[in-house]
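Some notes on the structure that comes next.
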Amino acid sequence: MTRQRWIIENVLSLALALLIVFMVRSSLVEAFKIPSGSMIPTLLTGDHIFVNKFAYGLKVPFSDFLTDHPIYLVNRPAPKRGDIVVFKYPKDERVYFIKRVIGTPGDTIEIKNKTLYINHEAIERVPFVGKEADRVYKTFDDPKYGPANLDIFLEHLNGPDHLIMLDKQNFAGDTFGPIKVPDGQLFVMGDNRDFSNDSRFWGFVPLNNVKGKAMVIWLSLWINISDGQFIFRPDRIGTVLR
(Lines give C-alpha, C1' and ligand atoms only; values in the text may rest on other atoms or scores of the structure.)
Protein backbone atom coordinates (compact mmCIF):
# COMPACT_ATOMS: atom_id res chain seq x y z
CA MET A 1 0.00 0.00 0.00
CA THR A 2 2.87 2.35 0.79
CA ARG A 3 4.38 1.84 -2.67
CA GLN A 4 1.02 2.27 -4.39
CA ARG A 5 0.40 5.47 -2.44
CA TRP A 6 3.86 6.77 -3.40
CA ILE A 7 3.18 6.07 -7.09
CA ILE A 8 -0.26 7.70 -6.98
CA GLU A 9 1.04 10.80 -5.18
CA ASN A 10 3.90 11.24 -7.66
CA VAL A 11 1.66 10.71 -10.68
CA LEU A 12 -0.77 13.30 -9.33
CA SER A 13 2.09 15.74 -8.65
CA LEU A 14 3.43 15.28 -12.17
CA ALA A 15 -0.04 15.69 -13.67
CA LEU A 16 -0.58 18.91 -11.70
CA ALA A 17 2.80 20.27 -12.78
CA LEU A 18 2.04 19.49 -16.44
CA LEU A 19 -1.38 21.10 -16.13
CA ILE A 20 0.18 24.30 -14.77
CA VAL A 21 2.78 24.31 -17.57
CA PHE A 22 0.11 23.92 -20.24
CA MET A 23 -2.07 26.60 -18.63
CA VAL A 24 0.87 29.05 -18.69
CA ARG A 25 1.58 28.06 -22.29
CA SER A 26 -2.06 28.54 -23.24
CA SER A 27 -2.66 31.91 -21.56
CA LEU A 28 0.61 33.65 -20.66
CA VAL A 29 3.83 32.76 -22.48
CA GLU A 30 4.66 30.35 -25.31
CA ALA A 31 7.85 29.61 -27.22
CA PHE A 32 7.98 29.67 -31.02
CA LYS A 33 10.70 28.96 -33.57
CA ILE A 34 11.17 31.13 -36.67
CA PRO A 35 11.19 28.78 -39.70
CA SER A 36 11.64 31.27 -42.56
CA GLY A 37 13.24 34.59 -43.53
CA SER A 38 10.10 36.70 -43.98
CA MET A 39 10.94 38.85 -40.93
CA ILE A 40 14.61 39.47 -41.76
CA PRO A 41 16.38 41.60 -40.52
CA THR A 42 14.34 41.67 -37.28
CA LEU A 43 14.11 37.88 -36.97
CA LEU A 44 16.41 35.34 -38.60
CA THR A 45 15.72 31.74 -39.52
CA GLY A 46 16.40 29.66 -36.42
CA ASP A 47 15.57 32.38 -33.88
CA HIS A 48 13.58 31.01 -30.93
CA ILE A 49 11.29 33.55 -29.31
CA PHE A 50 8.95 33.94 -26.37
CA VAL A 51 5.48 35.25 -27.20
CA ASN A 52 3.48 37.22 -24.64
CA LYS A 53 -0.04 35.78 -24.85
CA PHE A 54 -1.25 38.17 -22.12
CA ALA A 55 -0.37 41.24 -24.21
CA TYR A 56 -3.89 41.58 -25.63
CA GLY A 57 -5.86 40.07 -22.77
CA LEU A 58 -5.99 37.20 -20.26
CA LYS A 59 -7.92 34.34 -21.78
CA VAL A 60 -9.52 31.28 -20.24
CA PRO A 61 -6.90 28.52 -20.60
CA PHE A 62 -7.54 26.20 -23.57
CA SER A 63 -10.62 28.21 -24.64
CA ASP A 64 -9.29 28.65 -28.18
CA PHE A 65 -9.01 24.86 -28.47
CA LEU A 66 -12.52 24.19 -27.18
CA THR A 67 -14.28 26.96 -29.14
CA ASP A 68 -13.74 28.76 -32.44
CA HIS A 69 -12.38 31.84 -30.63
CA PRO A 70 -10.61 32.61 -27.33
CA ILE A 71 -12.67 33.66 -24.30
CA TYR A 72 -11.06 36.53 -22.39
CA LEU A 73 -11.26 37.10 -18.64
CA VAL A 74 -9.42 40.43 -18.93
CA ASN A 75 -9.46 42.55 -22.08
CA ARG A 76 -6.45 44.67 -22.98
CA PRO A 77 -5.81 47.06 -25.91
CA ALA A 78 -5.86 45.37 -29.32
CA PRO A 79 -2.70 45.04 -31.45
CA LYS A 80 -1.41 48.34 -32.74
CA ARG A 81 0.71 49.33 -35.72
CA GLY A 82 4.26 48.15 -35.34
CA ASP A 83 3.52 45.17 -33.08
CA ILE A 84 5.07 41.84 -34.07
CA VAL A 85 2.32 39.25 -33.66
CA VAL A 86 1.98 35.48 -33.90
CA PHE A 87 -1.33 34.38 -35.36
CA LYS A 88 -3.19 31.49 -36.94
CA TYR A 89 -2.82 31.67 -40.71
CA PRO A 90 -6.35 32.50 -41.97
CA LYS A 91 -6.09 30.10 -44.92
CA ASP A 92 -5.04 27.16 -42.71
CA GLU A 93 -5.48 27.70 -38.98
CA ARG A 94 -3.29 24.71 -38.15
CA VAL A 95 -0.32 26.86 -39.23
CA TYR A 96 1.14 29.81 -37.28
CA PHE A 97 2.63 32.89 -38.91
CA ILE A 98 4.58 35.81 -37.46
CA LYS A 99 4.40 39.27 -39.06
CA ARG A 100 4.33 42.96 -38.18
CA VAL A 101 1.02 44.80 -37.85
CA ILE A 102 0.86 47.48 -40.54
CA GLY A 103 -2.82 48.41 -40.57
CA THR A 104 -5.54 48.33 -37.90
CA PRO A 105 -9.32 48.58 -38.43
CA GLY A 106 -10.20 51.65 -40.50
CA ASP A 107 -6.70 52.22 -41.92
CA THR A 108 -6.20 52.56 -45.67
CA ILE A 109 -3.07 50.76 -46.87
CA GLU A 110 -1.24 51.44 -50.12
CA ILE A 111 2.23 50.78 -51.56
CA LYS A 112 3.68 52.91 -54.36
CA ASN A 113 7.22 52.38 -55.67
CA LYS A 114 8.00 50.25 -52.58
CA THR A 115 6.94 53.10 -50.28
CA LEU A 116 4.28 52.31 -47.69
CA TYR A 117 1.35 54.70 -47.30
CA ILE A 118 -1.09 54.59 -44.39
CA ASN A 119 -4.18 56.76 -44.65
CA HIS A 120 -2.63 58.42 -47.72
CA GLU A 121 0.50 59.51 -45.85
CA ALA A 122 3.93 58.09 -46.73
CA ILE A 123 5.60 56.30 -43.83
CA GLU A 124 9.01 57.87 -43.27
CA ARG A 125 12.07 55.67 -43.63
CA VAL A 126 15.77 56.46 -43.72
CA PRO A 127 18.66 54.39 -45.15
CA PHE A 128 20.44 52.29 -42.56
CA VAL A 129 24.14 52.51 -43.38
CA GLY A 130 27.58 52.49 -41.79
CA LYS A 131 29.13 50.04 -39.33
CA GLU A 132 25.78 49.10 -37.78
CA ALA A 133 24.42 48.17 -41.22
CA ASP A 134 27.54 46.10 -41.96
CA ARG A 135 27.00 44.22 -38.71
CA VAL A 136 23.41 43.44 -39.70
CA TYR A 137 24.42 42.17 -43.14
CA LYS A 138 26.98 39.81 -41.52
CA THR A 139 24.27 38.16 -39.40
CA PHE A 140 22.49 36.87 -42.50
CA ASP A 141 25.03 34.05 -43.06
CA ASP A 142 24.37 34.21 -46.81
CA PRO A 143 26.44 36.11 -49.43
CA LYS A 144 23.32 36.88 -51.50
CA TYR A 145 22.00 38.95 -48.58
CA GLY A 146 24.39 41.86 -49.01
CA PRO A 147 24.37 45.57 -49.85
CA ALA A 148 24.80 44.81 -53.55
CA ASN A 149 21.31 43.25 -53.65
CA LEU A 150 19.50 44.61 -50.63
CA ASP A 151 18.79 47.93 -48.95
CA ILE A 152 18.07 48.21 -45.23
CA PHE A 153 15.94 51.07 -43.91
CA LEU A 154 14.91 52.32 -40.50
CA GLU A 155 11.14 52.71 -40.70
CA HIS A 156 9.16 55.13 -38.54
CA LEU A 157 5.90 53.22 -38.41
CA ASN A 158 4.75 53.54 -34.82
CA GLY A 159 6.52 53.63 -31.49
CA PRO A 160 10.13 52.35 -31.58
CA ASP A 161 11.63 52.43 -35.08
CA HIS A 162 12.40 49.10 -36.71
CA LEU A 163 14.44 47.79 -39.63
CA ILE A 164 12.99 46.63 -42.94
CA MET A 165 14.71 45.19 -45.99
CA LEU A 166 14.00 45.81 -49.68
CA ASP A 167 15.38 43.88 -52.65
CA LYS A 168 16.80 46.02 -55.45
CA GLN A 169 16.07 43.31 -58.04
CA ASN A 170 12.53 42.33 -56.96
CA PHE A 171 9.67 44.48 -58.19
CA ALA A 172 6.72 42.25 -57.28
CA GLY A 173 5.81 44.37 -54.26
CA ASP A 174 6.23 47.76 -55.87
CA THR A 175 2.51 48.54 -56.01
CA PHE A 176 -0.45 47.50 -53.86
CA GLY A 177 -3.87 48.89 -52.96
CA PRO A 178 -5.29 51.13 -51.80
CA ILE A 179 -7.32 48.88 -49.52
CA LYS A 180 -9.19 49.61 -46.28
CA VAL A 181 -8.82 47.36 -43.24
CA PRO A 182 -12.26 46.11 -42.09
CA ASP A 183 -13.47 46.06 -38.49
CA GLY A 184 -12.09 43.18 -36.46
CA GLN A 185 -9.18 42.61 -38.87
CA LEU A 186 -5.48 43.43 -39.19
CA PHE A 187 -3.20 44.02 -42.19
CA VAL A 188 0.22 42.46 -41.63
CA MET A 189 3.52 42.35 -43.52
CA GLY A 190 6.98 40.86 -43.05
CA ASP A 191 9.99 43.13 -42.51
CA ASN A 192 11.66 41.35 -45.45
CA ARG A 193 9.20 43.19 -47.65
CA ASP A 194 9.98 41.61 -51.01
CA PHE A 195 10.13 38.04 -49.67
CA SER A 196 7.13 37.79 -47.38
CA ASN A 197 3.88 35.89 -47.87
CA ASP A 198 1.53 38.28 -46.08
CA SER A 199 -1.71 40.28 -46.25
CA ARG A 200 -0.83 41.60 -49.69
CA PHE A 201 -1.37 38.10 -51.06
CA TRP A 202 -3.93 36.34 -48.85
CA GLY A 203 -5.85 39.10 -47.08
CA PHE A 204 -6.51 40.23 -43.53
CA VAL A 205 -5.96 38.57 -40.15
CA PRO A 206 -9.01 38.30 -37.85
CA LEU A 207 -8.27 39.65 -34.38
CA ASN A 208 -9.45 36.33 -32.92
CA ASN A 209 -6.58 34.60 -34.76
CA VAL A 210 -3.91 36.57 -32.91
CA LYS A 211 -2.09 34.41 -30.34
CA GLY A 212 0.17 37.05 -28.81
CA LYS A 213 2.97 39.58 -29.16
CA ALA A 214 6.60 38.62 -29.79
CA MET A 215 8.76 39.62 -26.81
CA VAL A 216 12.35 38.40 -26.87
CA ILE A 217 14.78 36.01 -28.55
CA TRP A 218 15.85 33.34 -26.05
CA LEU A 219 17.94 31.26 -28.48
CA SER A 220 19.24 31.58 -32.04
CA LEU A 221 20.20 28.21 -33.46
CA TRP A 222 19.76 26.73 -36.92
CA ILE A 223 20.58 23.09 -37.70
CA ASN A 224 20.11 21.58 -41.16
CA ILE A 225 21.42 18.01 -41.12
CA SER A 226 20.89 17.40 -44.84
CA ASP A 227 23.03 20.45 -45.78
CA GLY A 228 25.46 20.07 -42.89
CA GLN A 229 24.53 23.49 -41.50
CA PHE A 230 25.02 24.46 -37.85
CA ILE A 231 24.56 28.13 -37.06
CA PHE A 232 24.63 29.41 -33.48
CA ARG A 233 24.25 33.14 -32.83
CA PRO A 234 24.83 33.73 -29.09
CA ASP A 235 24.87 37.52 -29.54
CA ARG A 236 21.15 37.45 -30.43
CA ILE A 237 20.12 35.83 -27.14
CA GLY A 238 18.18 38.32 -25.04
CA THR A 239 17.31 40.62 -27.95
CA VAL A 240 14.08 42.48 -27.15
CA LEU A 241 11.84 42.60 -30.22
CA ARG A 242 10.47 45.91 -31.46
Side-chain angles (χ1 to χ4, degrees), residues 21-22 24-26 28-53 55-56 64-65 70 79 82-102 135-146 149-150 152 155 162-167 170 172-173 186-242:
V21 168
F22 285 119
V24 169
R25 183 176 180 269
S26 173
L28 298 177
V29 177
E30 186 171 356
F32 285 89
K33 177 184 176 182
I34 307 302
S36 70
S38 70
M39 283 294 292
I40 294 173
T42 305
L43 289 166
L44 305 181
T45 304
D47 282 349
H48 296 249
I49 66 171
F50 284 128
V51 172
N52 181 2
K53 304 182 85 170
Y56 306 120
D64 49 348
F65 293 102
D83 286 0
I84 302 173
V85 295
V86 170
F87 56 92
K88 293 180 180 178
Y89 176 42
K91 300 297 183 181
D92 183 355
E93 295 193 349
R94 297 170 298 178
V95 178
Y96 291 96
F97 275 20
I98 182 167
K99 306 290 179 187
R100 190 179 298 276
V101 176
I102 301 298
R135 184 185 62 82
V136 172
Y137 283 119
K138 289 179 181 178
T139 65
F140 296 156
D141 306 307
D142 192 329
K144 71 179 180 182
Y145 283 154
N149 303 317
L150 303 166
I152 299 176
E155 186 174 72
H162 61 272
L163 298 178
I164 65 168
M165 192 163 66
L166 298 175
D167 190 333
N170 190 326
L186 298 172
F187 187 95
V188 299
M189 292 171 60
D191 290 344
N192 191 357
R193 292 285 165 83
D194 292 310
F195 295 97
S196 173
N197 181 23
D198 52 40
S199 288
R200 292 170 291 179
F201 306 102
W202 42 255
F204 304 105
V205 177
L207 284 171
N208 283 337
N209 282 36
V210 176
K211 301 292 288 183
K213 181 180 179 181
M215 292 192 303
V216 65
I217 298 171
W218 65 271
L219 177 67
S220 187
L221 176 66
W222 176 253
I223 301 174
N224 189 326
I225 297 176
S226 61
D227 293 338
Q229 286 185 320
F230 179 89
I231 301 172
F232 177 47
R233 313 179 188 97
D235 58 307
R236 294 183 62 78
I237 297 174
T239 300
V240 177
L241 299 173
R242 296 183 174 87

Drop me the distance from [X]'s [atom1] to [Y]'s [atom2], to the nearest 0.5 angstrom.
{"X": "S38", "Y": "D194", "atom1": "OG", "atom2": "CG", "answer": "12.5 Å"}
{"X": "M39", "Y": "H162", "atom1": "CE", "atom2": "NE2", "answer": "8.0 Å"}
{"X": "F87", "Y": "K211", "atom1": "CZ", "atom2": "NZ", "answer": "13.0 Å"}
{"X": "L43", "Y": "K33", "atom1": "CG", "atom2": "NZ", "answer": "13.5 Å"}

Do the non-hydrogen side-chain atoms of [X] and [Y] ever get within less than 4.5 Å of each other?
{"X": "I49", "Y": "L241", "value": "yes"}
{"X": "P90", "Y": "W202", "value": "yes"}
{"X": "L186", "Y": "P79", "value": "yes"}
{"X": "V101", "Y": "F187", "value": "no"}
{"X": "R236", "Y": "L44", "value": "yes"}
{"X": "V188", "Y": "I102", "value": "no"}
{"X": "W218", "Y": "I237", "value": "no"}
{"X": "Y56", "Y": "K213", "value": "yes"}

Heavy atoms only: give me the nearest [X]-[Y] pair and the separation to one decimal.
{"X": "S199", "Y": "F204", "answer": "OG-CA, 4.2 Å"}
{"X": "I84", "Y": "R242", "answer": "CD1-O, 3.6 Å"}
{"X": "V136", "Y": "P41", "answer": "CG1-CB, 3.9 Å"}

Is a side-chain N or O of [X] found less than 3.5 angstrom from the main chain of [Y], in a donor-acceptor match?
{"X": "R200", "Y": "N197", "value": "no"}
{"X": "D83", "Y": "V85", "value": "no"}
{"X": "S196", "Y": "G190", "value": "yes"}
{"X": "D167", "Y": "L150", "value": "no"}
{"X": "N209", "Y": "K88", "value": "yes"}
{"X": "Y89", "Y": "V205", "value": "no"}
{"X": "R100", "Y": "M189", "value": "no"}

**Request:** State whether a side-chain donor-acceptor pair under 3.5 Å links D47 with S220.
**Result:**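 Short answer, yes.
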**Message:** Between E155 and R193 (salt bridge meaning N to carboxylate O under 4.0 Å), is one present in this structure?
**Reply:**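 Judged by the 4.0 Å cut-off on N to carboxylate O distance, E155 and R193 do form a salt bridge.
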**Request:** Test the K99-F97 pair against the cation-pi criterion, namely NZ or CZ under 6.0 angstrom from the six-membered ring centroid and within 45° of the ring axis.
**Result:**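 The answer is yes; both the distance and angle limits are met.
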**Asked** When the aromatic ring centroids of Y96 and F32 are compared, is their separation below 6.0 Å?
**Response**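 Judged by ring-centre distance (under 6.0 Å), Y96 and F32 do meet the cut-off.
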**Audit row: I40, D191, side chain to side chain contact (heavy atoms under 4.5 Å, CB included) steps and yes/no** = CA-CA 6 Å; I40 294 173; D191 290 344; over 6 Å; no
**Message:** I'd like to check the salt bridge (charged side-chain N to carboxylate O under 4.0 Å, His left out) partners of D235; sequence neighbours left out, ordered by chain and number.
**Reply:**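 For D235 there are no salt bridge (charged side-chain N to carboxylate O under 4.0 Å, His left out) partners, ignoring immediate neighbours.
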**Request:** Go through the steps to decide whether I34 and I98 satisfy the test side chain to side chain contact (heavy atoms under 4.5 Å, CB included), and finish with yes or no.
**Result:** CA-CA 8 Å; I34 307 302; I98 182 167; 3.9 Å; yes
